[in-house]
Amino acid sequence: MESITKFIEKKLGLKVNVEKSKIARPNQIKYLGFGFYYTKTGIIKPKPHLKSIQKFRRKLKQLTKRNWSVSLELRIIKLNQVIRGWINYFKIADIKRHMRNITSHLNRRIRCIIWKQWKIPKHRIICLIKLGIDKNMAKACAYARKSYWATSRVYPIQQAISNERLKRKGLVFPLDHYLKVHAVI
């Protein structure tokens, strides 16, 4: 470490931060939000560090709070900005599995938001019928005494507030955007 520090400071004229700098294996390093891993063939590839993924999830959770009283359109605009920015930054990394999980969780959180915005059972029934759900099924869903989170998993709600409808509203799905911009190195 000392010889490398001397070389960098004397020869290259750069300053080394001793607190942040260390010599370690690639899979033990966090660098600009990236972590690294070994493939089965022994090649080192980048991935987002666990802390970076957790920070991204926290940001999405903050933007999809049910008690944040903004319109769905504004919420989708903010979500799209965060999703596009984060994925474009980490597009060289292999994160397909993480994006699949984040996408399904995000869709469910948005269904919760919409279900809460519909407020009273009478309005929920009307909205579900407009979205193509049978009247009896709509009544059963609207009068169910389940939490927002549990209701968002019910099949008629998933069918009424489908991924296609969310996409038409303008929501960018993390997995779709990742697959579109992913760059293989």
Side-chain angles (χ1 to χ4, degrees), residues 27 30-40 44-119 124 127-128 130-133 137-138 141-142 144 146-185:
N27 59 354
K30 178 185 176 193
Y31 183 69
L32 298 174
F34 283 92
F36 302 92
Y37 70 98
Y38 290 103
T39 62
K40 292 178 182 177
I44 299 169
K45 290 198 168 189
K47 67 176 184 175
H49 195 269
L50 180 62
K51 289 182 181 179
S52 300
I53 294 171
Q54 290 171 344
K55 188 176 176 183
F56 179 56
R57 284 180 174 264
R58 276 195 308 272
K59 184 66 177 173
L60 292 178
K61 188 173 183 177
Q62 180 185 9
L63 291 172
T64 56
K65 280 186 172 181
R66 291 191 308 258
N67 64 357
W68 186 36
S69 58
V70 296
S71 68
L72 188 63
E73 290 76 24
L74 178 63
R75 193 182 301 259
I76 287 174
I77 289 169
K78 297 281 187 190
L79 281 169
N80 289 346
Q81 291 171 350
V82 171
I83 291 167
R84 284 186 181 121
W86 194 87
I87 291 174
N88 287 341
Y89 183 77
F90 288 105
K91 68 182 174 185
I92 62 169
D94 296 330
I95 51 175
K96 186 175 180 180
R97 180 176 50 92
H98 291 293
M99 289 301 103
R100 187 177 297 121
N101 295 337
I102 289 171
T103 300
S104 64
H105 188 73
L106 179 66
N107 293 348
R108 189 167 174 197
R109 286 186 67 88
I110 290 175
R111 283 188 192 100
C112 283
I113 291 166
I114 294 170
W115 190 247
K116 184 177 180 183
Q117 286 178 347
W118 288 348
K119 295 202 185 279
R124 289 177 178 168
C127 290
L128 287 173
K130 281 182 185 176
L131 295 174
I133 303 300
M137 189 62 72
C141 291
K146 293 182 179 181
S147 67
Y148 297 119
W149 186 247
T151 307
S152 68
R153 191 134 192 212
V154 175
Y155 179 72
I157 305 299
Q158 287 182 348
Q159 188 179 5
I161 309 168
S162 65
N163 293 346
E164 289 75 31
R165 279 202 169 92
L166 293 175
K167 201 176 277 188
R168 276 185 268 150
K169 280 277 194 187
L171 181 67
V172 172
F173 295 138
L175 179 61
D176 294 345
H177 188 66
Y178 170 73
L179 293 174
K180 188 170 89 176
V181 300
H182 177 61
V184 180
I185 26 176

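As a basis for the values below, the full set of heavy atoms in this structure was taken, side chains included, without hydrogen atoms, waters or symmetry mates.
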If we ignore hydrogens and angles and just use 3.5 Å, is the side chain of [X] paired with the main-chain N or O of [Y] as donor and acceptor?
X: Tyr178; Y: Ile95; result: yes
X: Arg124; Y: Cys141; result: no
X: Asn80; Y: Gly170; result: yes

Does [X] have any side-chain contact (heavy atoms from CB on, under 4.5 Å) partners at least two apart in sequence or in another chain, and if so, which?
X: Asn88; answer: Arg84, His177, Val181
X: Ala138; answer: Ile125, Leu128, Ile129, Ile133
X: Ser162; answer: Glu164, Arg165

If the condition is side-chain hydrogen bond (donor to acceptor under 3.5 Å, both in side chains), which residues does [X] pass it with, not counting sequence neighbours?
X: Thr64; value: Arg109
X: Asp94; value: Tyr37
X: Thr39; value: Thr41

Next on the checklist: Suppose we screen for salt bridge (charged side-chain N to carboxylate O under 4.0 Å, His left out). Which residues come up paired with Asp176, at least two apart in sequence or across chains?
Outcome noted: Lys167
Checklist entry - Which salt bridge (Lys or Arg N to Asp or Glu O under 4.0 Å) pairs, counting each pair once, include a residue from residues 56-75, with sequence neighbours left out? => result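 Found Glu73-Lys169.
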Item to check | Pairs involving residues 96-108, ordered by first then second residue, that meet salt bridge (Lys or Arg N to Asp or Glu O under 4.0 Å) (sequence neighbours left out) | outcome: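 Every candidate salt bridge (Lys or Arg N to Asp or Glu O under 4.0 Å) pair involving residues 96-108 fails, so no pair, neighbours aside, qualifies.
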How many angstroms lie between atom [atom1] of [X] and atom [atom2] of [Y], to the nearest 0.5 angstrom?
X: Ile161; Y: Trp118; atom1: CD1; atom2: CH2; value: 4.0 Å
X: Ile114; Y: Ile157; atom1: CD1; atom2: CD1; value: 10.0 Å
X: Leu72; Y: Ile113; atom1: CG; atom2: CD1; value: 7.0 Å
X: Trp115; Y: Cys127; atom1: CH2; atom2: SG; value: 9.0 Å
X: Lys47; Y: Phe36; atom1: NZ; atom2: CZ; value: 10.5 Å

Minimum-distance pair of heavy atoms, taken over all atoms of [X] and [Y]:
X: Leu79; Y: Leu171; answer: CD1-CD1, 4.2 Å
X: His182; Y: Ala93; answer: CE1-O, 3.2 Å
X: Pro174; Y: Ile87; answer: O-CD1, 3.2 Å
X: Ser104; Y: Asn101; answer: OG-O, 3.0 Å
X: Gln117; Y: Val70; answer: NE2-O, 3.7 Å
X: Gln158; Y: Ser152; answer: CG-O, 3.7 Å

Checklist entry - side chain to side chain contact (heavy atoms under 4.5 Å, CB included) between Ile77 and Gln81: does it pass, once the steps are laid out? => result CA-CA 6 Å; Ile77 289 169; Gln81 291 171 350; 3.9 Å; yes
For residues 48-55, tabulate all N or O donor-acceptor pairs below 3.5 Å that involve a side-chain atom, not counting sequence neighbours.
unit_1: His49; atom_1: ND1; unit_2: Lys51; atom_2: N; d: 3.3
unit_1: Ser52; atom_1: OG; unit_2: Gly33; atom_2: O; d: 2.9

Checklist entry - Where do Ile83 and Leu60 land on the side chain to side chain contact (heavy atoms under 4.5 Å, CB included) test, with the steps shown first? => result CA-CA 8 Å; Ile83 291 167; Leu60 292 178; 4.0 Å; yes
Checklist entry - Can you list every pair that meets ring pair (Phe, Tyr, Trp, His ring centres under 6.0 Å) and has a residue in residues 149-172, with sequence neighbours left out? => result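 Every pair satisfying ring pair (Phe, Tyr, Trp, His ring centres under 6.0 Å) with a residue in residues 149-172: His105-Trp149.
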Item to check | Inter- and intrachain pairs under ring pair (Phe, Tyr, Trp, His ring centres under 6.0 Å), touching residues 69-95, at least two apart | outcome: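 As it turns out, the ring pair (Phe, Tyr, Trp, His ring centres under 6.0 Å) pairs with a partner in residues 69-95, which skip direct neighbours, are Phe34-Tyr89, Phe34-Phe90, Phe56-Trp86, Trp86-Phe90.
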Item to check | Min side-chain heavy-atom separation Leu166-Phe173 under 4.5 Å | outcome: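 Leu166 vs Phe173: side chains touch.
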